[in-house]
Structure formats: structure tokens, C-alpha cells
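Shown next, in C-alpha cells, is the structure this report addresses.
So that the names make sense, note that chain A is the first sequence line, chain B the second, and so on, each numbered from 1.
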Protein chains: 2
Amino acid sequence: MQSMDVPEVVVLRLPLYVRALTQLQMGGTEVVSSQQLGAHLQMTPAQIRKDLSYFGRFGKQGRGYNIQFLLKELRDILGLTKEWRACLVGVGRLGRAIINYTGFAPEGFTIVAAFDSNDDQVGTDVGGIQVLPMGDLAKVIAKQDVTIGIVAVPAVQAQPVIDILVKGGVKGILNYAPVAPQVPLGIVMRNIDPVLSLQSMTFYLKDG
Amino acid sequence: MQSMDVPEVVVLRLPLYVRALTQLQMGGTEVVSSQQLGAHLQMTPAQIRKDLSYFGRFGKQGRGYNIQFLLKELRDILGLTKEWRACLVGVGRLGRAIINYTGFAPEGFTIVAAFDSNDDQVGTDVGGIQVLPMGDLAKVIAKQDVTIGIVAVPAVQAQPVIDILVKGGVKGILNYAPVAPQVPLGIVMRNIDPVLSLQSMTFYLKDG
DNA sequence: GCCCGTTTGTGAATCCTGTAACACGAATCG
DNA sequence: CGATTCGTGTTACAGGATTCACAAACGGGC
């Protein structure tokens, strides 16, 4: 498995490359150098070349990278060629916003089910998705081939919900709750936390 | 200015400490060791002690850290003792969700104004905030002491909107648009991008 | 076919971050 | 009151990541 000796920071940058390349492609560009791509993303050409070199040789000396080809390769590497199925837990304000967010589908991420522990929510329809009781979670994950759990519950419920999701069989967790939850080895977690972002921002703003 | 030689990674971790300490405080704990805090956050005690040592000596040998005291110090360091005023640009679905998000206010972040370039939106009320035309932006930023701009517009509009915000005088940008915008030196930017998070996650999921 | 400007891929060198080790202060206990 | 335990702050070190520098490769022009 190639993921073994690729630094995680590198993996975190790959989606940025995918996005920048897609944008350039939209603009009609067919070939790009690490120089140009670096200018676009505000990073050094050397870093881009080094990052890519972990996975293969995609460029041509003297020319640069063929965008279409590199994009296909990067999508393969990241596993973006298939549809990824996710379920959402928590259909409060935040959860509803996530379901209705139009940015996931075009990238191949589909929310196929929603759950809530509140009986008033269960049975209602949110953005075309039936809200199910937490008890159905394991069954749905298995039947619907769900690999990603999205957590949009209040802080105190986050850890128990994540435990249930993991036990249910999801392999990745996208956590919107303002906590730093613990997950067993082998489960991939990403936190979305605007408050943390703001709190580190103010450090630099406070006496500027 | 202390911010000069403190590594950015360290600054990014400070809000995590604030959060964990707050949680412990809620639970009634008064003193905590780097050991315990590390267990809570899944990091080594050494790292916590090193991080804190960039800013001063907050602990007592043999005892640990007084939570109330350390919290006060960290809040000071991060600049979290004052109210931070932000404005939002873009009151589509995402923008509305951000305005209604209840997580900002308790941490001292207030959204005091909202803008949109769409004339149909201008004048409407969203979550108790009047939506203003983009033209009023500079004026409002100055008059209302706004230091942070929150961007919730479609990708193509993000860069121009950010340019306007910066010219208008904000010092920090919280960007929800799926792009990697360029900002002049001295402006602090943080990106909130769940799609990027998912795309780096799938790298590890794709053949697990 | 050969030269020339360009740009890649990659060791080597540098910089940065995290970890381990330890000396010292503070509290506790008999 | 001396010995012991605990946990900090700090220094030294190891491991990673980033940048540098250059040989090798490519394409175009002639």
C-alpha cells in the first residue's frame, strides 16, 4: 500500500492540487509547470514537485504537467473516482445546512441517510432525506454501503455518537462538533471547527 | 511582539488547550497535569509543556497547572478577552447557516453585519440582521469596528469579495468558499472546507 | 541531427517539530 | 525535618519536512 510512507501533510495538499488543476482546466489551460501551479497556490515549485514525486513521474522535463493526465492520476491516488456514501447524524440547524450543501455531490460525496436521537425529528423529511432513528444506524450503514459518518450533534453527544458510528462500521468521520473526539486506530477523522480557526486567528490580530 | 518566534503550529494548538481546560473546569477540576491534559487531547505531555513554555511559566512543579489561571493566561495570549466583530458576505444557504450558528457568540465572536451582491437579498432580514448592499461594506467596517470578514459566496466570487473586504479594512478572513484565495501579507486567513477534508480522508479509506 | 532554453525528478543540505531526558522546585509523609 | 514523590521547564537529540541545486530529459528551431 502506497499510503505507508507518504507523509500526511503531503496527502492533505493533494486535494488542493486537484482543485487548482480543475480550475486551470476550466480556464482552458492544458499544460502547467510547477512554477505556475505554485504561483497559483502560493507555494514553492519544489514542494509541488517533491509532493508529486512520492506517487510517480507525471511531468515532462521542459514542458510541465499535462493537466488532464495529472488530474486523472491524482483522483486515482486520492480515491476520488468512486462515489462515496455518507450518513449524517444530527439534523438540527447545522445538520440541515450540511444536507442542503451543494458542494458535496459534484465531488462524489453523497449523503444517503440521516439520523437523529430526537423523536420529534425522526420520520420528518430533510432535503429529500428521511430522518431515521439512531437504532437503525448499524443496519443502514451495512445495507447502504456507507463508509463515512458526518457528525452534527451538540458537543456532549459527539463522542457517544462517534462511538456508535464506528461500531456501526464507518471508516471515516467528518466531525462538526466542537470537541476533539477519540477514535480507534484505523478510523480517519477530520474536524470542521470554525471557532478554533477564529481563535487562532485572533492571536495574530490582537495587536496588529 | 511575542508572536514573532512562536511557531504557527503551536498557536494552532492553543485553542485546543483552551477548550479542553474549559471542559475540565466545567467538570469541577481545579488543577491538571500535562499528563492528564495530554491524555485528554491524545498528545504527549512533553509537547504541551513545550508549547506553554513559549509564553511563560504557568505550572507548579509537583502539582500541575491551575486551570482557572492557565485559562485566563491562554485567553489573554490568544486575544480572546475582547469581543471580536465580524461581517458576513453572502447570505445564501451557507451564509444563513453561519448567521444562525450558535457556536460563535459564546466565544466572543459577533456577526454585526451581512452583505450580498444580489439585490433580491438586500434589505431582507436574516437571523435578525439586515442584509446590506456591497457598496456599504467599507463604511460599515469602519463605523462598526469590524475586524473579521466571513466569506460565504460561490467560488468564483470569493477572490473579488475578499479583495473588497481587505480594501475595506478587515484584518482576518474566514473563508468558506472552495478556493485558495490570495491575500496580502498581514492579513490572516483561515479556510473552512469540508470537501478538502473528505478528499484527503478518502486516500486512507480507498483500500482499507 | 544538433543546439538551446526550459522544467522535471531527486539526493543533499537546511530548517523545523516533536520527543526524551533531566535538573530543579514544591508538596507530602513519616 | 530529611527523604521521597511528583511534575514542571529546559536542553539536547532524533526524525520529518522543506528547500536547494543540479543532472537528465524534452521540444522547438534551424
Worksheet item: Base, sugar-phosphate, or nothing: which does B/V10 touch, judged by heavy atoms less than 4.0 Å apart?
Response: nothing
Worksheet item: Roughly, in whole Å, what's the span from CZ in B/F69 to P in D/dT8?
Response: 14 Å
Fill in: Closest to the B/S34 side chain, choosing from D/dG9, D/dT8, D/dT18
D/dT8
Practice prompt. Check every strand shown and say whether A/R57 touches a base, only sugar-phosphate, or nothing at a heavy-atom separation below 4.0 Å.
Written response: sugar-phosphate
Worksheet entry | Protein-nucleotide distance (A/Q61, atom CD; D/dG27, atom C1'), rounded to Å | 12 Å
Worksheet item: Whole-Å distance between C/dC15 C1' and B/E8 CD?
Response: 16 Å
Worksheet item: For B/Y65 and D/dG9, is the shortest distance between a side-chain N/O and OP1 or OP2 below 4.0 Å?
Response: yes
Worksheet item: Does the side chain of B/Y54 get closer than 4.0 angstrom to OP1 or OP2 of D/dT10 through an N or O atom?
Response: no
Worksheet item: Which of these nucleotides, D/dA17, D/dA21, C/dT19, is closest to any side-chain atom of A/P7?
Response: D/dA17
Item to complete: May I ask you to decide whether B/D163 forms a salt bridge with B/K167, counting only side-chain N to carboxylate O separations under 4.0 Å?
Response: no
Discussion item. When you measure from the side-chain N and O atoms of A/T44 to the phosphate of D/dT19, is any distance below 4.0 Å, counting only OP1 and OP2?
Written reply: yes
Fill in: Among C/dT8, C/dC24, D/dA17, the nucleotide that comes nearest once only the side chain of A/V9 is considered
D/dA17
Worksheet, complete the sentence: Judged by nearest nucleotide, the residue sitting upstream toward the 5' end of DNA chain D, B/P45 or B/K50, is B/P45
Worksheet, complete the sentence: The nucleotide from C/dG18, C/dT7, D/dG7 with an atom nearest the side chain of B/S33 is D/dG7
Item to complete: For B/M43 and for B/G62, locate the closest nucleotide of DNA chain C by heavy-atom distance; then report the residue assigned to the nucleotide nearer the 5' terminus.
Response: B/M43
Worksheet item: D/dG7 base to B/R63 side chain: any donor-acceptor pair below 3.5 Å?
Response: no
Practice prompt. With A/H40 as reference, evaluate A/V32, A/L24, A/I48 under the side-chain contact (heavy atoms from CB on, under 4.5 Å) test and give the passing residue.
Written response: A/L24
Worksheet item: Looking at side-chain heavy atoms only, is the closest gap between A/Q42 and B/Q182 below 4.5 Å?
Response: yes
Discussion item. Without decimals, in angstroms, what is the distance between B/I48 CD1 and C/dT19 P?
Written reply: 11 Å
Worksheet item: CD of A/Q35 versus P of D/dC20: gap in Å, rounded?
Response: 12 Å
Practice prompt. Using atom CD1 of B/I67 as one end and atom P of D/dT8 as the other, report the distance to the nearest whole Å.
Written response: 12 Å
Fill in: Lys/Arg N to Asp/Glu carboxylate O, B/R190 vs A/D193, below 4.0 Å
no
Discussion item. Between B/R49 and C/dA20, is there a contact of a side-chain N or O with OP1 or OP2 at under 4.0 Å?
Written reply: no
Practice prompt. Using only side-chain N and O atoms of B/Q47, determine if any of them is under 4.0 Å from OP1 or OP2 of C/dG18.
Written response: yes
Fill in: Length of the CG-P vector between B/N66 and D/dG7, whole Å
15 Å
Fill in: Length of the CZ-P vector between B/F58 and C/dA26, whole Å
17 Å
Discussion item. Can you confirm whether the side chains of A/Y17 and A/D51 place a donor and an acceptor under 3.5 Å from each other?
Written reply: yes
Worksheet item: If we only count heavy atoms from C-beta on, is the A/V89 to A/D116 side-chain gap below 4.5 Å?
Response: no
Item to complete: Compare the minimum distances between each of C/dG11, D/dT8, C/dG18 and the side chain of B/R13, then state the nucleotide with the smallest one.
Response: C/dG18
